[in-house]
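To start, the structure under review is shown below, and the notes come after it.
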Amino acid sequence: MLSRIAESMFWIGRYVERAEDTARILDVQTQLLLEEAGIDEQTTCRTLLSIMGVEVDDDTRVDLTTVLRLLAYDPHHPSSIASALGAARESARRARETLSVPMWESINTTYRAIPSGHFTSMRPPMVFQWVRERAAFINGTADATMTRDEGWHFLMLGRCIERADMTSRLVATAAVAASTGSPWTSTLRACGAYEAFLRTYRGMETDRGAAEFLLLDRLFPRSVVFSLNRAEQCVDNLESSGQRAGFQNEGQRLLGRTRAELEYRSLSDVLADLPNEMERLQRTCALATEAVTRRYFAGAEALAWQGVL
Amino acid sequence: MFRPMSITGLFEDYPGARGPAYDEMFAAEQLRAPYERLRSSLTDLTIPELAARVEALQASYLDQGVTFDIGGEERAFPLDILPRVIEMDTWSTIERGVQQRVKTLEAFLADVYDAGQVFADGVIPRRVIATSSHYHREAAGVRPPNGVRVHVSGIDLIRDNAGEFRVLEDNVRVPSGVSYVMTNRRAISSALPEPFAEHRIRPVAGYPQRLLAALRAAAPAGVTDPTVVVLTPGVYNGAYFEHALLARTMGVELVEGRDLVCRRGRVMMRTTKGLEQVHVIYRRVDDEFLDPVHFRADSMLGCPGLIDASRAGNVTLANAVGNGVADDKLVYTYLPDLIRYYLDEEPVLKNVDTWRMGDPEAREEVLDRIDELVLKPVDGSGGKGIVIGPRATRAELDELRVKVLEDPRSWIAQPVVQLSTVPTFVDGKFGPRHVDLRPFAVNDGNRVWVLPGGLTRVALAEGELIVNSSRGGGSKDTWVLAGPGPLPRHAETTTVPVSPPPQTTGPALSDLADHEQQQQQQQGVSTGSTTQEVPPC
């Protein structure tokens, strides 16, 4: 498979997952703002933006409308759902000849809602529902039509790394909001994990339990550990070196180390400084992406010819 | 034959051809033969229904991404709903004519880049080639592996006022548009299933397989299982959709220049598993951008070393470099002579009458009647630089006259040919619009195969004669009718197993069946006492 195509596949996975998870995070936060009367809109919105990696000047007013514009509707803002869907489509366009027709069309029709104005006309929470459904549609189409070759592994790798990253952000937003309300229930709901959580913990609803479930559960597909595990597997499938000792692949090493650290440290230790721990995790995801890029996608830059005429 | 009044429905207000142009559907009030079946199969359709189908057609093109950009806005590639019909006999003439032309162009190119016998025999002056900006010395002396230089060609045809097909120009560099032939067919077959079912239309879906076969046949000697790739300038190229479609339907990689690297005279592509050798490149990048070592040094679209690799015989470029000398508009004027010279045949398809401005006598005559003629730059493509005399202002003509006198070799003149018209659905009704036809031919070295169909381009503005999509042109599906006899389609009869095992059902489904039985039993009980209601279960 061409390096350039592999890169496109990787980013399709990431962008689709990013759109979906941003929608989940926004869903939780808008709901919290509605339900909890005592919450300060300014602070919550500011925190949310900073956790999503958006910088805002200290003196600008930040309210829910600003957040929705920056993180959902504005196709020109790099953190918005609209731009993630646009980027997913652009990546798909670059890999179009390798995608199955249903896969391409599922991504393209999703994107078409943005220039056609359909996306902006939807309001929360409908719009978040729509994004989740479209992401499920794209992922389902991929699952049903793609061969399990390299392209698939790169797609999954992108998706898993993004999911680990975004779940950690979701956990961070919950941890920050915990001082003012009880965000864990809605956080679990946003992941579709509430029922699974209740069953697993036999109805014992604690913040600690919820954090544990979202971070460390080995069976829940959106947990950080599950995602990192899958990402490791993907790299392993791509590499298949059959080495007897250690790992050659820098990306695999980073992912594995972070997962092991999360799993083998005591929960209290991790929970003690949750926002910072989550930030470290996001950093690992970025480093792993860099490593994967260097290993598999490198060399696809255009060459300039310095010849004599 | 009795015909109900409603049959004219859709075409009631159709004014027919204006002026001298030939209308392909109607001769005065009379319907022409190829369209009889089409119109009768559209009898039940009303204008609003048709408009709804047109809308669905555009929506499906947007969803599939069959689009092009106008000023940054993505639009569906305009496809008219009414197909153009070409009968078998007419088509077989076109087919023969196109084959003849491609063979001649092949022979001419082989000659030009070799001994140049044609110059020695005085058929065409050497200066015509020597002054062409598309003559590349880099291609001289290169013998392509199976002798093919024009793997893919598109010969542009128009229909003159008498309805006869004539050649307007040859395209043997990188002709585009074939993808629309395939997507148009699929779109129209779902938009107009009724007429589609009633016609015997020759299929166009086989094109990618033919192309792939031809590309594989062109592989360097000794390579039995060649790696074929399609080289595209990138996603921002107007024809990117086509490049992706061809690569996808041929099952080969679509590469950009930066994916390729030349090592020791071989072309490799960068894959996740390292470098992999490439044997045949179907390139959709122009000659000038192909290799910065030999051509434009600032090009980022090609790959340094490509030409040397191809000269070394390690990679085949399709189409070959330097083909531009053959589809030059000046060489075009010599083509009837070249056909006679190389094939010893009379041209099947005539040229449009053309004057060479480099010819002093012709120049004088043309400059006298410049306001009646069409002047075309020899190098231009895509309708660029064409001046239509009767439509031009005084000032434009004066400017043109100066340009022609400055560099007469760069210009040819033709009479204004009123391209034929076909009814086209614009603004809620059918009106006559001018069309041309670009049949595509694939040469695999043994045979020149002509895709039965080709791209019909239509100028969507009323009276407009330039049909290029870069100038707001649209397209039509082109139906080439098959004669009697079987269509070349697979009609295998698969045997159905006599007693396939029944589908197994789980508890829920069998419960459902039981449940119905229970209900029936209950009803059976309740029919005894009609006054009582069925107790809810």
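The figures that follow rest on heavy atoms only: side chains count, while hydrogens, waters and symmetry mates do not.
At a heavy-atom cut-off of under 4.5 Å, chain A is reached by no residue from residues 205-220 of chain B.
Side-chain atoms of A/N108 come within 3.5 Å of backbone N or O of B/L62 as a donor-acceptor pair. Within the 3.5 Å criterion, the main-chain N or O of B/T271 finds no donor-acceptor partner in the side chain of A/Y296.
Comparing A/T98, A/T109, A/L2 by how many heavy-atom pairs each has under 4.5 Å with chain B, the most go to A/L2. In terms of heavy-atom pairs under 4.5 Å with chain A, the best-connected choice from B/A244, B/G274, B/A247 is B/A244.
In this structure, B/T272 OG1 and A/H153 NE2 are separated by 11.0 Å, a value rounded to the nearest 0.5 Å. Atoms CZ and CG, on A/R96 and B/L254 in that order, are 11.0 Å from each other to the nearest 0.5 Å. Between atom CZ of residue A/R4 and atom CD of residue B/E253 there is a gap of 9.0 Å, rounded to the nearest 0.5 Å. Residue B/F241 holds its CZ atom at 11.5 Å from CZ of A/R93, rounded to the nearest 0.5 Å.
Annotation for A/R148: atom CZ counts as buried by contact number, over 12 foreign heavy atoms lying within 6.0 Å. Under a cut-off of 6.0 angstrom, the local environment of CZ in B/R186 is sparse, with at most 12 non-hydrogen atoms contributed by other residues, nucleotides or ligands. More than 12 heavy atoms of other shown residues, nucleotides or ligands fall within 6.0 angstrom of atom CZ in A/R123. Counting heavy-atom neighbours within 6.0 Å of B/R248 CZ, excluding the residue itself, gives a total above 12.
For a residue to count as touching a neighbouring chain, one of its non-hydrogen atoms must lie under 4.5 Å from one of that chain's; by this rule B/E276 does not touch chain A. Both the backbone and the side chain of B/V255 come within contact range of chain A, with heavy atoms under 4.5 Å apart. Interface residue A/E150: only side-chain heavy atoms are found under 4.5 Å from chain B.
In this structure, B/V235 and A/E90 have side chains that are in contact, with non-hydrogen atoms separated by less than 4.5 Å.
What you find for B/Q64 and A/W104 is that their closest heavy atoms are O-NE1, 2.8 Å.
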